[in-house]
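Encoded as structure tokens, the structure appears first; notes follow it.
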There are 2 protein chains.
Amino acid sequence: MSATHTGVPAADPLDQDCPIREVLDRVGDKWSTLIVVRLGQRTHRFNELHREINGISQRMLTLTLRNLERDGLVSRTVYPTVPARVDYELTDLGRTLVPAIMALHEWAVAHRDDIRHARVRHDEAATSGATRG
Amino acid sequence: MSATHTGVPAADPLDQDCPIREVLDRVGDKWSTLIVVRLGQRTHRFNELHREINGISQRMLTLTLRNLERDGLVSRTVYPTVPARVDYELTDLGRTLVPAIMALHEWAVAHRDDIRHARVRHDEAATSGATRG
DNA sequence: CAGCATCCGTCTAGATACTG
DNA sequence: CAGTATCTAGACGGATGCTG
């Protein structure tokens, strides 16, 4: 975190202070998208997310949720019951992000094989180049 | 990297083995998008990128370029001149990714203020909550 | 000019233990 | 159930020096 915020943010994607950085810090995050997409379907409780995303630790789930909340993408509702119950859901702002994530997802699905093939090709080239000398 | 590849990759965005992960690893990368967007405009030489992205180190530029090349998003052309000259440009595959990145960028521009306000609000709430006890 | 190797500090993210 | 606190391994990223 600790925003760079040089004071005058440019809207130019070529500028490294570009706002896309703030978004990418969230989207590129290992867990954020997984949470956002899930929350895009319905409200989840803490442990529901914990179970569904399975690979995530409590700590990471909490931290990621806090960041998403801080950015206004996710809202947190605490029910003062015993034991406590907390619901997480996408805010209106968060919901507007889903399509962009989905666009990326669709690109990934459409070109997944291209990437895999490219990697294999690259890997083979590097290997043969190394072993053949 | 080191693909999990359970054998049967799901196209479901809710699956953590989802192909979007592979894309996000690249898109979420600190420097990748900066390079892709620049290369989306025209071919660049190594030092052109180095100068334009300025904050990046040679090491990171090289590593990021290698990853992009490995994924088939960027092509590298070496001219056996002296001194050596290397051109980097987007492949057809790489070019198809630009729109998705731009969509994210547009979202970022459109909601930049929302995010900033949310952060300020969150920060203020946390501060007053902490100091007020 | 382009790039690799090495060293090293920082930050991330997971495991673990404890609390209301 | 829903977190918080602490410790730590390891990845990430920068600086520097060398090569063709």
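Letters A, B, ... mirror the listed sequences (proteins, then strands); counts begin at 1.
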Worksheet item: To the side chain of A:Val86, which of D:dA2, C:dC4, D:dT6 is closest?
Response: D:dA2
Worksheet entry | Distance in angstrom units between A:Leu61 CG and C:dA13 C1', rounded | 13 Å
Practice prompt. Verify side chain to side chain contact (heavy atoms under 4.5 Å, CB included) between B:His44 and B:Asp87, making sure each step is shown before the conclusion.
Written response: CA-CA 6 Å; B:His44 278 68; B:Asp87 277 2; over 6 Å; no
Worksheet item: Quick one: which of C:dG14, D:dG3, C:dC4 gets closest to the side chain of A:Lys30?
Response: C:dG14
Fill in: Salt-bridge criterion met for A:Arg26 and A:Glu69 (N-O under 4.0 Å)
no
Worksheet item: A:Met60 has a side chain; which of D:dA2, C:dA13, D:dG3 sits nearest to it?
Response: C:dA13
Worksheet item: How many Å lie between CD1 on A:Ile56 and P on D:dA2, as a whole number?
Response: 14 Å
Worksheet entry | Pair A:Arg42 + A:Glu48, salt bridge at N-O below 4.0 Å | yes
Item to complete: Rounded off to whole Å, could you give me the CG-to-P distance for the A:Leu65 and D:dG3 pair?
Response: 7 Å
Fill in: Side-chain N,O (A:Trp31) to OP1/OP2 (C:dG14) below 4.0 Å
yes
Worksheet item: Considering only C:dG14, D:dG3, C:dG3, which nucleotide approaches the side chain of B:Thr62 most closely?
Response: C:dG3
Worksheet item: Roughly, in whole Å, what's the span from CG in A:Asp87 to P in D:dC1?
Response: 14 Å
Discussion item. For B:Asp114, run the side chain to side chain donor-acceptor pair (under 3.5 Å) check against B:Arg116, B:His117, B:His111 and tell me which one passes.
Written reply: B:His111
Worksheet entry | Distance test, side-chain N/O of A:Arg59 to OP1/OP2 of D:dG3, below 4.0 Å | no
Item to complete: Would you kindly give the NE2-to-P distance between A:His50 and D:dT4, to the nearest whole Å?
Response: 14 Å
Discussion item. I need the CG-C1' distance between B:Asp25 and D:dC12, as an integer number of Å.
Written reply: 13 Å
Worksheet item: What nucleotide among D:dC1, D:dG14, D:dG3 has an atom nearest to a side-chain atom of A:Arg76?
Response: D:dG3
Response to the item:
Rounded to whole Å, the CZ-P distance (B:Arg26 to D:dC12) equals 10 Å
Fill in: Closest to the A:Phe46 side chain, choosing from C:dA13, D:dG14, D:dA2
D:dA2
Discussion item. As a test of reading the structure: which of D:dT4, C:dC1, C:dC4 is closest to the side chain of B:Pro83, going by heavy atoms?
Written reply: C:dC1
Discussion item. Does B:Tyr88 reach a base, just sugar-phosphate, or nothing at all? Heavy atoms under 4.0 Å.
Written reply: sugar-phosphate
Item to complete: Please report, rounded to the nearest Å, how far the C1' atom of C:dG14 is from the CD atom of A:Gln58.
Response: 12 Å
Discussion item. Quick check on salt bridge (charged side-chain N to carboxylate O under 4.0 Å, His left out): which of B:Arg112, B:Arg121, B:Arg119 does A:Asp71 satisfy it with?
Written reply: B:Arg119
